[in-house]
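Some notes on the structure that comes next.
The sequence lines fix the lettering, A, B, ..., with proteins before strands; numbering per chain opens at 1.
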Number of protein chains: 2
Amino acid sequence: MLKEERQQFILNETRIHNKVLLGDLAEQLNVSIDTVRRDVKELDQLKKLKKVHGGAISNGFNIYTYTETDIFSHEEKAFIAKKSVSLIPNNGIVLISGGTTNLEIARHLPVNLKATFFTPSLPVAMQLMTHEHIEVLFIGGRLLKDSQLAVGPSTIRFIQEIRADVCFMTTNSIDEANGMTDSDWDIVQMKKAMLKSSKKIVAPVISEKLGSSQRYQTCTINEVDVLVTELDPFSSKLEGYRRQNIEII
Amino acid sequence: MLKEERQQFILNETRIHNKVLLGDLAEQLNVSIDTVRRDVKELDQLKKLKKVHGGAISNGFNIYTYTETDIFSHEEKAFIAKKSVSLIPNNGIVLISGGTTNLEIARHLPVNLKATFFTPSLPVAMQLMTHEHIEVLFIGGRLLKDSQLAVGPSTIRFIQEIRADVCFMTTNSIDEANGMTDSDWDIVQMKKAMLKSSKKIVAPVISEKLGSSQRYQTCTINEVDVLVTELDPFSSKLEGYRRQNIEII
DNA sequence: AAAAAAACAGCATAATATTGCAATATTATA
DNA sequence: TATAATATTGCAATATTATGCTGTTTTTTT
């Protein structure tokens with residue numbers, strides 16, 4: 001059995017039972033308790049579960065597998081997500097695009113939040129479905145293989161029928177001059193439709209994306225209502241955006 | 001055997017089994033383990049799979065609950081899948097519902113098959129996306145949490161616009177008197193729409209489902225064109241279906 | 001505080017990876 | 001077609017990784 005399989009099994013067991021004992025795992029997997037201990041330690045470092053004395057407890061369901069190198073950006077995105085979820089009104093209608101930051105938002109929803117989410121992103125939909133009180137509506141269409149996102153005319157038509165309270169729109173790049181920009185034309189068209197159908201536009205953006213731009217424009221900077229980054233809201237790096245009357249949290 | 005073919009084989013094996021051991025591959029391919037190692041390394045660099053110590057694991061869709069050990073009667077379902085895929089015409093339009101048997105079909109598509117698949121099932125869509133030459137269209141709508149399936153009026157409207165060559169329709173239960181039956185009303189409505197939009201109806205069914213029935217009817221038995229089971233097509237258990245003029249493979 | 005359980009560190013062993021190299025096969029070019 | 005350039009493959013030597021074991025330290029329980 002491959003190490004990765006074993007770790008996947010451990011993750012699955014912790015998810016199902018909420019907690020597991022290292023001794024039990026060692027027996028089920030036919031390996032020494034030291035090996036299990038080492039596995040659990042690694043998984044803990046990858047934030048996939050929480051190691052406790054004698055066992056491990058679940059860290060919730062996570063569809064995405066982070067490599068060691070993006071552990072830092074993962075933590076930053078989780079921080080952005082925690083700040084972002086406060087913008088969702090109870091019983092609200094939410095439109096949410098794809099990307100790993102939005103995936104974190106889908107993970108960090110308050111357990112008691114009741115809301116309806118529309119999304120064209122397969123991974124985000126999967127993640128949203130783990131929440132009991134969240135209704136998930138998938139926006140269908142042609143699926144792009146790399147971004148796992150639905151695009152195309154039927155997608156846009158579907159989006160046009162929605163009236164959302166808030167839209168979480170992630171992007172490849174953002175800067176003052178060009179606004180939010182992306183490298184894929186189909187995705188940009190779909191995103192434009194999303195923005196049109198939403199009252200409030202929230203851009204959860206990791207600071208490394210600030211000040212860069214791509215080929216196609218989704219929207220200008222002043223169409224954004226709220227900018228959420230991992231930085232302090234009064235950071236000098238955000239000065240330019242503050243001047244545009246964008247709420248920064 | 002050409003290097004290309006070998007790598008294609010390796011990719012297919014990892015897709016089907018979710019993991020492979022380098023030693024096994026070397027044996028199956030009649031090359032040294034070094035060659036396999038180099039192939040896997042290349043495929044890893046191309047992000048087509050993930051190389052790990054001792055083997056490789058599938059790169060796309062890896063949710064534990066859908067791996068071999070976790071699917072009930074996996075062997076039989078994989079066998080049904082292998083028989084079913086022969087019914088897909090090249091460049092055809094396919095409608096495929098959810099369920100683990102259909103998931104196996106999505107896994108076992110021939111590597112060179114070109115086709116367009118429509119599905120309302122999240123896991124099936126994920127699996128289909130791992131195929132290079134397959135176009136995947138997701139049929140959106142309200143997602144049911146347990147079956148991970150889109151249902152509802154917008155789903156049905158979307159389906160009504162499709163004209164499919166073949167439809168793979170799995171079901172909870174099937175018998176001669178009641179046809180295909182399910183326990184969820186929304187799912188049955190969605191399935192009815194799928195059948196209406198398809199020229200040829202294929203029912204991949206594991207034999208233990210034969211002769212049982214549920215609350216709601218999807219279709220009568222003579223609407224089914226082809227029945228695929230893990231049994232020998234001439235098995236006496238299939239006698240009743242054969243009398244209905246259903247093709248059995 | 002003592003006893004028990006668990007975690008940790010270091011080490012030995014076996015399995016797997018990497019590297020350089022030579023033999024062979026394939027491709028490009030004159 | 002001949003020849004040079006390039007790629008592929010298997011092998012051997014060496015390096016790395018995974019695992020279990022032992023003894024010791026830390027944590028939990030009594």
Mind checking what makes salt bridge (Lys or Arg N to Asp or Glu O under 4.0 Å) contact with Asp182(A), not counting sequence neighbours? Lys191(A)
Any side-chain hydrogen bond (donor to acceptor under 3.5 Å, both in side chains) involving residues 74-95 of chain B? Give me the pairs, sequence neighbours left out, ordered by first then second residue. His74(B)-Glu104(B), Lys77(B)-Thr100(B)
Does Asp39(B) have any side chain to side chain donor-acceptor pair (under 3.5 Å) partners at least two apart in sequence or in another chain, and if so, which? Arg6(B), Gln7(B)
With 3.5 Å as the limit, what N/O pairs link the protein to nucleotides 7-10 of chain D?
from    : atom 1 : to       : atom 2 : distance (Å)
dT8(D)  : OP1    : Lys3(B)  : NZ     : 3.1
dT9(D)  : OP1    : Arg6(B)  : NH1    : 2.5
dT9(D)  : OP1    : Arg6(B)  : NH2    : 3.2
dT9(D)  : OP2    : Arg6(B)  : NH2    : 2.8
dG10(D) : OP2    : Ser32(B) : N      : 3.0
dG10(D) : OP2    : Ser32(B) : OG     : 3.0
dG10(D) : OP2    : Thr35(B) : OG1    : 2.2
dG10(D) : N7     : Arg38(B) : NH2    : 2.6

Rounded to whole angstrom units, what separation is found between the CG atom of Leu22(B) and the C1' atom of dA18(D)? 15 Å
Rounded to the Å, how far apart are Leu29(A) CG and dT19(D) P? 11 Å
Categorize Val52(A) for me: base, sugar-phosphate, or nothing, with a 4.0 angstrom heavy-atom threshold over every strand shown. sugar-phosphate
Detail all sub-3.5 Å separations between protein N/O atoms and N/O atoms belonging to nucleotides 28-30 of chain D.
none

Strictly by ring-ring contact (aromatic ring centres under 6.0 Å, His included), give each pair with a member in residues 110-146 of chain B just once, sequence neighbours left out. Phe138(A)-Phe138(B)
To the nearest 0.5 Å, atom NZ of Lys50(A) lies from atom CD1 of Ile57(A) at 5.0 Å
Let me know the distance between NZ of Lys51(B) and P of dA18(D), rounded to the nearest Å. 11 Å
If you look only at distance, which donor and acceptor atoms sit under 3.5 Å apart when one is on a side chain in residues 24-32 of chain A and the other is two or more places apart or in another chain?
from     : atom 1 : to       : atom 2 : distance (Å)
Ser32(A) : OG     : Asp34(A) : N      : 3.3
Ser32(A) : OG     : Thr35(A) : N      : 3.3
Ser32(A) : OG     : Thr35(A) : OG1    : 3.3

Who are the salt bridge (Lys or Arg N to Asp or Glu O under 4.0 Å) partners of Asp184(B), not counting sequence neighbours? none
Look at all strands and tell whether Gly23(B) reaches a base, only sugar-phosphate, or nothing, counting heavy atoms closer than 4.0 Å. nothing
Salt bridge (Lys or Arg N to Asp or Glu O under 4.0 Å) filter on Glu42(A), not counting sequence neighbours, yields Lys3(A)
Could you give the CZ-to-P distance, from Arg37(A) to dT25(D), as a whole number of Å? 17 Å
Nearest-angstrom distance from the residue atom CD of Gln7(A) to C1' of dT17(D): 13 Å
